[in-house]
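Heads up, the thing below is written out as structure tokens.
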Amino acid sequence: MKTDVVVVSTNGAGMEEALNQAEKIGEYKHLSSKSTLHLRLLAEELMGLMRSITGEKSGQFWIEDDDGTYMLHLLVDTRMNTVKREKLLNTSTSGKNAYAKGIMGRLRDFFDRNADQDVVAFTNPIMMSGVYDNAQDILHDVEWSMVKYREDIYSTKDENAEHAAAWDELEKSVITHVADEIKVFIHNQQAEMVVYKKLA
């Protein structure tokens, strides 16, 4: 099953409708109130990410299920050149995007990258530990996995202060405790985040 595809915008348009998709699928699939709450929390995290993306952008949100595994999708056109991005960031008092902290802030960088920036020259090097050397799907230029990232960070956190801080972020994050997996796929000017959750 796949819910309606809802167009959401960084200015907040469509977000309430997107959150309602979690309630609707919970009702349709006869999920427990706890399971429906988990879907809603994950949808709220994705809408928070959407709000934090630099500039006026729109995306598509939908939920699918496959044999009890629910997948929440957020697909965004990331087209933005360096000049436009710098102009937007200069309007903030710090000159930086305010949502750059925590795991969701790090993930946001996949969506906020410059259109003329090489994906491999990703602006947040620590996140590269979750990137597959070759994306599993030939349609994607980059595939990032939370499970792989978590394993890589955990194995080096005792020797590397930056990885220790990243591990602390993971431990404090709502989305990483509720989701079973988070993947980010990048192809050309589009970035897609898919959050996976197995529910009974």
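Everything numeric here is computed off the predicted structure, so don't read it as measured data.
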Distance, nearest 0.5 Å, that separates [atom1] of [X] from [atom2] of [Y]:
X    : Y    : atom1 : atom2 : result
Y196 : I182 : OH    : CD1   : 11.0 Å
K157 : D168 : NZ    : CG    : 10.0 Å
L37  : L42  : CG    : CG    : 9.5 Å
H163 : D152 : NE2   : CG    : 8.5 Å
T3   : I63  : OG1   : CD1   : 5.0 Å
M47  : F61  : CE    : CZ    : 5.0 Å

Practice task
Indicate whether any N or O donor in one side chain lies under 3.5 Å from an N or O acceptor in the other, for S33 and T36.
Solution key: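 There is no such pair (donor and acceptor under 3.5 Å, judged by atom type) between the side chains of S33 and T36.
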Grab the two heavy atoms, one from [X] and one from [Y], that are nearest each other, plus how far apart they are.
X    : Y    : answer
D77  : K57  : O-CD, 3.6 Å
H177 : E171 : NE2-O, 2.6 Å
L49  : S52  : O-OG, 2.7 Å
L74  : L46  : CD2-O, 3.8 Å
L170 : R150 : CD1-CA, 4.0 Å
M146 : A179 : CE-O, 4.0 Å

Going by the rule side chain to side chain donor-acceptor pair (under 3.5 Å), which residues pair with [X] if we only count those two or more places apart in sequence or in a different chain?
X    : value
H73  : E64, E192
S58  : none
D180 : none
S9   : N11

Results of salt bridge (Lys or Arg N to Asp or Glu O under 4.0 Å) for [X] - residues two or more places apart only:
X   : answer
K2  : none
K29 : D65
D4  : none

Exercise for the section: Flag yes if more than 12 heavy atoms outside K198 fall under 6.0 Å of its NZ atom; otherwise flag no. Expected result: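 Atom NZ in K198 is packed in, count exceeds 12.
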Practice task
Spell out, as yes or no, whether a donor-acceptor pair under 3.5 Å connects the side chain of K183 to the backbone of V195.
Solution key: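 Answer holds: no.
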Exercise for the section: Output yes when a side-chain donor or acceptor of D66 lies under 3.5 Å from a complementary backbone atom of T69, and no otherwise. Expected result: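 Absent.
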Problem - Pairing residues for S173 by the side-chain contact (heavy atoms from CB on, under 4.5 Å) criterion, not counting sequence neighbours - result: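 Counting only residues at least two positions away or on another chain, S173 forms a side-chain contact (heavy atoms from CB on, under 4.5 Å) with I103, I175, T176.
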Exercise for the section: Quick one: list whatever passes side-chain contact (heavy atoms from CB on, under 4.5 Å) with V147, sequence neighbours left out. Expected result: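 Testing V147 for side-chain contact (heavy atoms from CB on, under 4.5 Å), a comparison that skips the adjacent residues, returns S145, E151, E181.
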Handout entry: salt bridge (charged side-chain N to carboxylate O under 4.0 Å, His left out) partners of residues 12-24, not counting sequence neighbours, each pair once
Key =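 Salt bridge (charged side-chain N to carboxylate O under 4.0 Å, His left out) check on residues 12-24 returns E16-R40, E23-R40.
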Practice task
Under the ring pair (Phe, Tyr, Trp, His ring centres under 6.0 Å) rule, collect the residues that match up with Y28, sequence neighbours excluded.
Solution key: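 For Y28, no residue satisfies ring pair (Phe, Tyr, Trp, His ring centres under 6.0 Å) once neighbours in sequence are set aside.
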Exercise for the section: Each residue besides V5 in its hydrophobic cluster should be listed here, by chain and number; the cluster joins Ile, Leu, Val, Met, Phe, Trp and Tyr at side-chain heavy-atom distances under 4.5 Å. Expected result: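 Joined to V5, directly or through intermediates: W62, L75.
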Exercise for the section: Check whether any side-chain heavy atom of V184 sits under 4.5 Å from a side-chain heavy atom of E143, and report yes or no. Expected result: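 Heavy-atom side-chain distance check fails, nothing below 4.5 Å.
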